[in-house]
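Proteins come first, then strands; the chains are lettered A, B, ... in the order of their sequence lines, and each starts at number 1.
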There are 2 protein chains.
Amino acid sequence: MRQIAAAVGVQAGALYLYTPDKEALLFDLLKTHMEELLVAWAEEPRGDGALGTLESFVRFHIRYNLMRAEAVFLSYMELRNLNAANFAVIEALRGRYEAELETILKAGQAEGSLVLPDTKLATMAIIAMLTGVTTWYREGGRLGRETVETIYWDMVRKAVAA
Amino acid sequence: MRQIAAAVGVQAGALYLYTPDKEALLFDLLKTHMEELLVAWAEEPRGDGALGTLESFVRFHIRYNLMRAEAVFLSYMELRNLNAANFAVIEALRGRYEAELETILKAGQAEGSLVLPDTKLATMAIIAMLTGVTTWYREGGRLGRETVETIYWDMVRKAVAA
DNA sequence: GTCTATACACCGATAGAC
DNA sequence: GTCTATCGGTGTATAGAC
């Protein structure tokens with residue numbers, strides 16, 4: 001709290017005029033992050049059919065997570081420092097995001113453009129794979145962000161396409 | 001340290017007869033974990049050709065990470081609490097493990113059984129995807145461990161096969 | 001609204017008795 | 001080798017002056 005106060009330019013005690021305690025501050029941060037992620041995806045333009053929508057999701061997820069790398073990392077690392085009730089709220093929001101991807105995969109199966117052994121596992125596998133980019137991607141590295149998106153989309157497409 | 005001492009059945013001070021400080025304890029734990037992972041993979045029986053070896057790797061990684069879920073989680077969460085020198089040692093061991101997978105992928109490309117846009121990215125993508133299983137897998141859940149292995153292997157194979 | 005001062009708990013690590 | 005006692009530091013949160 002002293003570090004946060006210093007960054008804002010006040011003393012630690014003054015923070016308690018705006019938040020009841022440290023956990024509320026963390027919870028608001030994580031909740032806002034997840035809600036903004038859901039809004040951003042809702043507003044994201046998407047391609048045609050399940051395959052086009054899936055490509056949009058893959059590119060969106062990589063781009064958004066790289067853009068907000070600090071928040072993504074913090075959300076993961078600090079999640080277990082929330083109490084049970086707050087933890088459940090964040091997990092529910094995460095579940096809603098995962099459901100967005102699973103809906104795409106199910107639609108693809110229904111229209112026959114995708115073939116999957118298990119939509120739930122494919123959902124978790126794809127999200128883990130895409131989120132992993134944040135652990136190694138560096139600005140100015142060997143590959144640019146758009147190239148990385150394209151390469152990952154290629155692997156995802158092959159993994160799930162009919 | 002007081003909790004560790006209590007778990008072992010001594011007082012906190014007594015721990016310092018066996019370790020110079022807390023960081024050395026953490027470093028040894030993480031280093032041992034990574035070395036045991038490398039040894040276990042070296043001793044793992046593997047299938048024929050690049051595809052067979054890759055299947056062995058996929059199944060091994062899921063199985064080993066689920067078996068040692070606590071150590072895997074701790075290795076990830078506590079990695080940033082090491083000083084720079086110790087951090088570098090653990091990262092080097094992690095790099096050796098990743099190189100094991102990348103070697104398989106390169107061999108597969110050379111023999112023509114695998115087609116990849118980029119071996120380095122495929123390496124990171126596959127490891128992230130497989131490690132992700134530990135975040136949602138629960139003993140006694142909908143799918144058993146071997147079924148999960150098979151489903152993930154199916155997705156990996158499709159993603160990288162020629 | 002913000003400051004200074006401080007209460008209170010906990011942490012890693014050490015000193016010294018046994 | 002293990003204990004008890006304790007040091008110095010840090011953390012969240014609160015009290016009261018301004």
Side-chain angles (χ1 to χ4, degrees), chain A residues 1-38 65 68-95 131 134-135, chain B residues 1-38 65 68-95 131 134-135:
Chain A
M1 295 299 272
R2 283 182 175 99
Q3 286 178 27
I4 292 170
V8 178
V10 295
Q11 293 295 317
L15 291 178
Y16 290 87
L17 296 167
Y18 306 97
T19 183
D21 52 35
K22 190 190 176 187
E23 163 139 5
L25 209 58
L26 177 63
F27 174 66
D28 285 349
L29 200 65
L30 267 54
K31 183 159 170 282
T32 301
H33 171 65
M34 286 307 300
E35 286 169 347
E36 287 177 352
L37 173 68
L38 284 162
N65 275 264
R68 306 285 293 270
E70 276 195 325
V72 170
F73 183 73
L74 188 136
S75 287
Y76 184 79
M77 297 298 276
E78 300 296 333
L79 187 57
R80 275 89 188 168
N81 292 325
L82 295 177
N83 66 41
N86 288 341
F87 181 91
V89 172
I90 303 300
E91 281 295 280
L93 288 168
R94 185 185 298 260
T131 304
T134 56
T135 63
Chain B
M1 295 300 274
R2 283 179 174 92
Q3 286 178 28
I4 293 169
V8 178
V10 296
Q11 293 295 317
L15 291 179
Y16 291 86
L17 295 167
Y18 305 98
T19 183
D21 52 36
K22 191 189 177 189
E23 164 138 6
L25 209 57
L26 177 62
F27 175 66
D28 285 349
L29 201 64
L30 268 53
K31 182 159 172 282
T32 301
H33 171 64
M34 285 307 301
E35 287 170 348
E36 285 176 353
L37 173 68
L38 284 162
N65 276 264
R68 306 285 294 270
E70 276 195 325
V72 170
F73 183 73
L74 189 135
S75 288
Y76 184 79
M77 297 297 276
E78 299 297 333
L79 187 57
R80 275 92 187 166
N81 292 326
L82 296 176
N83 66 42
N86 287 342
F87 182 90
V89 172
I90 303 300
E91 281 295 282
L93 289 168
R94 186 185 299 260
T131 305
T134 55
T135 64

Polar side-chain contact Arg2(A)-dT10(D) base: donor and acceptor under 3.5 Å | no
Q. Are Tyr18(B) and dT2(D) close enough that a side-chain N or O sits under 4.0 Å from OP1 or OP2?
A. yes
**Q.** Donor-acceptor contact present, side-chain Glu78(A) to main-chain Leu26(A), <3.5 Å
**A.** no
Whole-Å distance, Asp21(A) CG to dA13(D) P, equals 5 Å
Rounded to whole Å, the CG-P distance (Leu25(A) to dT12(D)) equals 11 Å
note: Tyr16(B), atom OH; dG16(C), atom P; distance rounded to Å ~ 18 Å
When rounded to whole Å, the NZ to P distance for the pair Lys22(B) and dT14(C) reads 14 Å
Report yes if some heavy atom in the side chain of Met1(B) is under 4.5 Å from a heavy atom in the side chain of Leu25(B); otherwise report no. yes
When Gly13(A) and Val10(B) are each assigned the nearest nucleotide of DNA chain D, the 5'-most assignment goes to Val10(B)
Between CG of Asn81(A) and C1' of dT12(D) the distance, given in whole Å, is 14 Å
In this structure, CG of Leu15(B) is separated from CZ of Arg2(B) (nearest 0.5 Å) by 11.0 Å
Rounded to whole Å, the CE-C1' distance (Met1(B) to dT6(D)) equals 17 Å
Quick note, Leu17(A) side chain, CB onward, closest among dG1(C), dT12(D), dT2(D) is dG1(C)
Next item on the list: Taking only the side-chain nitrogens and oxygens of Gln11(A), find out if one of them lies under 4.0 Å from OP1 or OP2 of dT2(C).
Entry: no
Atom CG of Leu26(A) and atom C1' of dT12(D) are separated, to the nearest Å, by 14 Å
Item to complete: Answer whether the closest heavy-atom distance between the side chains of Thr134(A) and Phe73(A) falls below 4.5 Å.
Response: no
Separation of dC3(C) atom P from Leu15(A) atom CG, nearest Å, is 9 Å
